[in-house]
Asks: 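What follows is a structure written as structure tokens; I'll ask about it next.
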Amino acid sequence: MVLTKMKMMMRIMFCVVALALLVDASKARLHPSIVAQHLLVHDDRPSASPITALNSRDNQDGIIAQISSSGSYADVSTTWTVPAYPIHYAGDQILFYYTELQTNQSDLVMQVVLQFNNGLPGWSISSYYLNSNGYTGTQPAPVSPGDEITGVISRNNNNNMWSILGYVNGALKSSLNVQSSSSSSSVAVRALWTLEAYNVKQCADYPPTNILDATKYIFLDHNNRSVVPSWSHAIVNNDDCTTGANAVGATATITWNSGATVNAGYEGIDYTGGDESVSTASCALECAQKCDRDNSCVGWSYGIASKTSSSSCDPSKVGSCWLKSSIGARSNDSCRVADVKGGEAGIDRSGNDLPGSPLDVGPAGSASTCGAACSEDPDCVGWVFAAESCGGHLCWLKNGYQGTSKDNCRISAVTGTSQIDYIGNDIGGGPVTLPDDATPTQCSERCASTQGCIAWVMVNPLPGCETQNLCWLKSGLGQGGPTVNRCRRAGFAPNYP
């Protein structure tokens, strides 16, 4: 993390003899990365091992992206927001986002760390320092997506004591103090903002937000005067997930590409009325997950920044998550992503599992996580999720299904294929109008219960499409088969063909 030669030695040790790292911290004299440090502090975590590349992700373990600022600092603070959980929950990926101060000669390293799957499942924070006596870290404190983290590393000029403090939504959750052991360790000369990762096998192991800003950076010197940061020396060690590091003024940014774009809901639409609560969320998927866990929620809306130059969104609404107890009319709104609550509780759909199913979406996963995974797979036309109340975190992706059965431990849905239409052969001569909160599952079930129906077509809730939930039941597929229509979504009856 700091000394190049030591880092190189650590990388070799970590990849070749990882189990040898799980020793008492007092016996270690190398200067490893924070992941190795934490493995030494919390030896219940899995040891690192060489991994197999998947989806173009290389075998790079360690620092993925980093930006640093050199100067003379006595106090550094910054704020960042806990991102959404990764859509792909491998179970053993370990992620770290941290702010750091290093003293002269790098004989004292201090960090406030946001970590995923280290010491606790999901997100947590800890404070750390490394000096000549070894490593010290606090027990992880759990945090949730959308929480605001503030990391403060400061020196008391009266006694040369450094404090390493981690706040969650303004409340102190991790705290360490360390005494400067020499004149060199009483002067901080470098500040860093870093992404570090281990056991990442594919880009979807990263959060779907694809960016994490450390904002409101404040640098003070030993006279408590503000210091302008001097950002430089960006490091990017993994281009397979198009990671990057940059900083301007009081904001340092790390980016990556998880492969997830619109990870939940329909961009550019909103549903009127029915708001039961409003909170913040780091992305649309997190907003959908909040709805999943609220029994009275039937839909949600999430505030985004407009991608069109002709529209301007209220910046105070970006990141807001509205949970709805009722669904009103659908409207076009470039400042929103929205959807109705997906999935039928207590219903299983058998057969036609896609290769790789079931997926383990992790303890933070929900039905919307399973739905998001389906939307990322072009062959997926439905999904089944093991209900959280039954202790499950499994998701089966489907390219069809053979039938339905009652199962209180399952939530399932039919999604069909987006932007596909079948012309003609309408049973009843035209569409059926479904309720505002209807989903493709309801249109599919109409088809399954209608004699002679082999396929269904429904309005795709995209900007510029009909605002009514229209459902066409089909007795045939028409001449030429499917046609492309962005305002339609289509699927087949069970057991067809």
Side-chain angles (χ1 to χ4, degrees), residues 63-71 73-84 95-102 110-116 123-127 141 143-154 163-174 188 190-196 206-221 225-236 243-258 279-284 286-287 302-306 313-321:
I63 292 175
I64 305 301
Q66 185 179 81
I67 188 78
S68 64
S69 175
S70 299
Y73 309 123
D75 190 305
V76 170
S77 65
T78 188
T79 297
W80 66 98
T81 300
V82 179
L95 309 176
F96 296 86
Y97 300 88
Y98 54 88
T99 183
E100 175 180 324
L101 265 187
Q102 299 175 3
M110 299 164 286
Q111 300 163 330
V112 178
V113 182
L114 171 67
Q115 53 209 1
F116 184 79
W123 293 112
S124 62
I125 68 163
S126 291
S127 298
V143 296
S144 301
D147 284 346
E148 184 179 80
I149 307 300
T150 299
V152 179
I153 305 173
S154 62
S163 296
I164 311 163
L165 310 175
Y167 295 85
V168 180
N169 300 325
L172 182 63
K173 294 297 183 179
S174 68
R190 186 179 296 112
L192 304 101
W193 175 238
T194 303
L195 161 62
E196 192 164 342
Y206 288 115
T209 43
N210 296 327
I211 187 171
L212 191 57
D213 290 327
T215 63
K216 304 176 185 176
Y217 254 112
I218 298 175
F219 296 82
L220 301 178
D221 65 13
R225 295 175 302 193
S226 178
V227 178
V228 177
S230 177
W231 296 108
S232 62
H233 197 58
I235 298 174
V236 177
T243 51
N246 191 27
V248 177
T251 299
T253 299
I254 289 174
T255 58
W256 61 93
N257 182 8
S258 67
S279 60
T280 59
S282 60
C283 67
E286 184 194 338
C287 187
Y302 180 71
I304 61 173
S306 176
C313 300
D314 183 349
S316 68
K317 301 295 178 64
V318 174
S320 295
C321 170

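Scope of the values below: all heavy atoms of this structure, side chains included, with no hydrogens, waters or symmetry mates.
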Asks: Minimum heavy-atom separation for Thr99 to Gly151, with atom names?
Replies: CG2-CA, 4.4 Å
Asks: Would you call the rings of Trp256 and Tyr206 parallel, tilted or perpendicular if under 30° counts as parallel and over 60° as perpendicular?
Replies: tilted
Asks: So how far is it from Leu101 CG to Gln111 CD, rounded to the nearest 0.5 Å?
Replies: 10.0 Å
Asks: Counting distance only, does the side-chain N/O of Trp123 pair as donor-acceptor with the main-chain N or O of Pro83 below 3.5 Å?
Replies: yes
Asks: Between CG of Leu192 and CD1 of Ile63, what distance do you get to the nearest 0.5 Å?
Replies: 8.0 Å
Asks: Between Ser69 (side chain) and Ser230 (backbone), is there a donor-acceptor pair under 3.5 Å?
Replies: yes
Asks: Provide the closest heavy-atom pair for Ser174 versus Ile125 in the form atom of the first, atom of the second, distance.
Replies: OG-CD1, 4.0 Å
Asks: Only one of Thr79, Thr253, Thr255 clears side chain to side chain donor-acceptor pair (under 3.5 Å) with Asp213; which?
Replies: Thr253
Asks: Output the distance between atom OH (Tyr73) and atom CG (Asp221), rounded to the nearest 0.5 Å.
Replies: 10.5 Å
Asks: Any donor and acceptor pair, going by atom type alone, linking the side chain of Thr78 with main-chain N or O of Thr215 inside 3.5 Å?
Replies: yes
Asks: Roughly how far, to the nearest 0.5 Å, is CD1 of Ile149 from CH2 of Trp80?
Replies: 6.5 Å
Asks: Measuring from atom OG of Ser126 to atom CG of Leu114, what distance do you get when rounded to the nearest 0.5 angstrom?
Replies: 10.0 Å
Asks: Listed by chain and number, what are the ring pair (Phe, Tyr, Trp, His ring centres under 6.0 Å) partners of Tyr302, not counting sequence neighbours?
Replies: none
Asks: In the structure I gave you, are the side-chain heavy atoms of Val112 and Ile153 within less than 4.5 Å of one another anywhere?
Replies: yes
Asks: Quick check: closest heavy atoms across Ile67 and Ala252, and the distance to 0.1 Å?
Replies: CG2-CB, 3.9 Å
Asks: Thr280 and Gly146: which non-hydrogen atoms are nearest, and at how many Å?
Replies: OG1-O, 4.1 Å
Asks: Of all heavy-atom pairs between Asp147 and Ser144, which one has the smallest distance, and what is that distance?
Replies: OD2-N, 2.8 Å
Asks: Ignoring hydrogens, what is the shortest heavy-atom contact between Ile304 and Cys313? Give both atom names and the distance.
Replies: O-SG, 3.5 Å
Asks: Any donor-acceptor pair under 3.5 Å linking the side chain of Ser127 with the backbone of Ile164?
Replies: yes
Asks: Measuring from atom OG of Ser70 to atom CD of Gln102, what distance do you get when rounded to the nearest 0.5 angstrom?
Replies: 9.0 Å
Asks: Would you say Phe219 and Val228 make side-chain contact, with heavy atoms under 4.5 Å?
Replies: no
